[in-house]
Amino acid sequence: MNTLFTGRKIIELDRVASTNSYAMELLRGFDLPEGTVVRAREQFSGRGQRGNGWESEPGKNITASFIFRPSFIGAAQQFMMSKAVALAVSDLVLNYIKSVPVRIKWPNDIYCGNKKIAGLLIENILQQQSITACVAGIGLNVNQEIFTHSVNPTSFKLLVDKEVAPEEVFEKLCESLEARYLELRAGKCRELDRDYLHRLYRYMEWSEFTIGNKTVKAKISGISQSGKLKVEIENEREKEFDLKEIQMVI
């Protein structure tokens, strides 16, 4: 593995409710080094955005949480960490998938065409105005072919029509994460912002969104510093929305 610190310490679990919950609990009692990974063969109660679960067949996919310590960015900039992680995962997927576009669906799901291949959950531990630790949970569909309750899922195997070695994918994921994290640490926020918008799913495309109980036609026009979605609604001015306030119709 070609990394300085990411994935150098791995906590392997056979079965766990949630790798993110496990990592967060560990951080309460142990001073874990940056780059530590909690990885599980089976995650039976994985957590996603909007309080959704994450479906993963044991041994088929990657379910892991990565611990970083981005104390160099303030609490007001914490969405930059989400951008870096989402870009890293999409970088990895692009190495394998050439048949369809690879995009980031705000805030940080990874889509291949119109299907979801990965979900991310970023949780930060804050102290005053700085981030003392970040747990980046990643669920990545590698060799799973049958999904029972996921919405529009896909996997590497479904897209390339062959099995891909999960260990190879995991090592490349560690390398991608570290590369984007080091960009963030070097202060390359403008470059990360540019790349995130370039990969943003349906950016500047008219689409249908659900706001409350109403469906509207709108287009994504940007992302605020705090990570809110900027949306231009048809015949209205631009507005900003938080995660639970708006949903794209797929």
Side-chain angles (χ1 to χ4, degrees), residues 1 3 6-30 32-68 82 85-86 88-93 95-97 105 107-112 115-125 133-178:
M1 188 186 304
T3 61
T6 307
R8 292 296 173 179
K9 178 179 176 60
I10 301 175
I11 299 170
E12 296 274 9
L13 304 171
D14 185 58
R15 191 169 188 265
V16 70
S18 160
T19 57
N20 256 43
S21 296
Y22 191 94
M24 293 289 282
E25 188 62 33
L26 280 178
L27 284 169
R28 293 187 180 95
F30 300 94
L32 296 172
E34 184 163 58
T36 297
V37 185
V38 176
R39 184 170 64 169
R41 180 181 178 277
E42 179 183 1
Q43 181 180 242
F44 59 87
S45 187
R47 296 183 292 121
Q49 297 288 354
R50 301 179 188 270
N52 296 328
W54 180 258
E55 178 184 0
S56 183
E57 188 176 344
K60 294 283 189 179
N61 307 314
I62 290 174
T63 49
S65 295
F66 295 77
I67 295 172
F68 294 101
S82 291
V85 174
V89 178
S90 64
D91 289 341
L92 165 75
V93 175
N95 284 331
Y96 290 89
I97 307 302
K105 181 176 173 291
N108 45 26
D109 285 336
I110 309 303
Y111 269 51
C112 292
K115 293 184 177 293
K116 182 175 175 178
I117 198 166
L120 317 179
L121 180 63
I122 312 297
E123 296 185 286
N124 295 315
I125 297 175
C134 169
V135 176
I138 298 171
L140 177 63
N141 298 329
V142 181
N143 290 320
Q144 188 164 341
E145 296 178 87
I146 298 172
F147 298 83
T148 58
H149 59 262
S150 295
V151 178
N152 62 325
T154 192
S155 67
F156 285 174
K157 187 174 182 180
L158 289 173
L159 289 167
V160 302
D161 200 29
K162 65 178 182 180
E163 288 209 350
V164 180
E167 194 59 35
E168 172 192 289
V169 175
F170 175 75
E171 290 187 6
K172 291 184 180 296
L173 176 59
C174 290
E175 293 167 6
S176 294
L177 283 166
E178 186 165 288

Legend entry - Distance in Å, Thr6 OG1 paired with Glu175 CD, rounded so as to fall on 0.5 Å steps: 10.0 Å
Legend entry - Min side-chain heavy-atom separation Phe170-Leu140 under 4.5 Å: no
Inset, instruction - Measure the shortest side-chain to side-chain distance between Ile67 and Leu26 over non-hydrogen atoms and say whether it is less than 4.5 angstrom. - result: no
Legend entry - Glu163 side chain near Glu145 side chain, heavy-atom distance below 4.5 Å: no
Inset, instruction - Find the distance between OG1 (Thr19) and CD1 (Ile62) and round it off to the nearest 0.5 Å. - result: 11.5 Å
Legend entry - Contact summary for Cys134 and Ile122, nearest pair of heavy atoms: SG-CG2, 3.6 Å
Inset, instruction - Report the distance from atom OG1 of Thr36 to atom NZ of Lys9, rounding to the nearest 0.5 Å. - result: 6.0 Å
Inset, instruction - Measure the shortest side-chain to side-chain distance between Phe147 and Thr154 over non-hydrogen atoms and say whether it is less than 4.5 angstrom. - result: no
Inset, instruction - Could you grab the distance from atom CE of Met1 to atom NZ of Lys172, nearest 0.5 Å is fine? - result: 11.5 Å
Legend entry - Side chain proximity check, Leu177 to Ile138, heavy atoms < 4.5 angstrom: yes
Legend entry - Close side-chain approach of Phe44 and Pro58, heavy atoms under 4.5 Å: no
Legend entry - Minimum heavy-atom distance Ala23-Ser65, with the two atoms named: CB-CB, 4.3 Å
Inset, instruction - Working to the nearest 0.5 Å, report the span between CD of Glu178 and CD of Glu34. - result: 8.5 Å
Legend entry - Distance in Å, Asn152 CG paired with Asp109 CG, rounded so as to fall on 0.5 Å steps: 9.0 Å
Inset, instruction - Kindly indicate whether the side chain of Lys116, heavy atoms from C-beta on, has any atom under 4.5 Å from the side chain of Val151. - result: no
Inset, instruction - Indicate the atoms forming the closest heavy-atom contact of Ala40 with Thr63, along with that distance. - result: O-OG1, 2.8 Å
Legend entry - Test salt bridge (charged side-chain N to carboxylate O under 4.0 Å, His left out) applied to Glu167 and Arg39, step by step: CA-CA 11 Å; Glu167 194 59 35; Arg39 184 170 64 169; 3.1 Å; yes
Legend entry - Among Lys157, Gln144, Arg41, side chain to side chain donor-acceptor pair (under 3.5 Å) partner for Asn61: Gln144
Legend entry - Any Ser82 side-chain heavy atom under 4.5 Å of Leu120 side chain: no
Inset, instruction - Decide if atom OH of Tyr22 counts as having more than 12 heavy atoms of other residues, nucleotides or ligands within a radius under 6.0 Å. - result: no
Legend entry - Presence of salt bridge, Arg28 and Glu25, under 4.0 angstrom: yes
Inset, instruction - Test side chain to side chain contact (heavy atoms under 4.5 Å, CB included) on Leu159 and Ile117 and set out the steps. - result: CA-CA 10 Å; Leu159 289 167; Ile117 198 166; 4.1 Å; yes
Legend entry - Leu121 to Asn20 - nearest heavy-atom pair and separation: O-ND2, 3.3 Å
Inset, instruction - Write down the atom of Asn108, the atom of Ala86, and the distance for their closest heavy-atom approach. - result: CB-CB, 3.9 Å
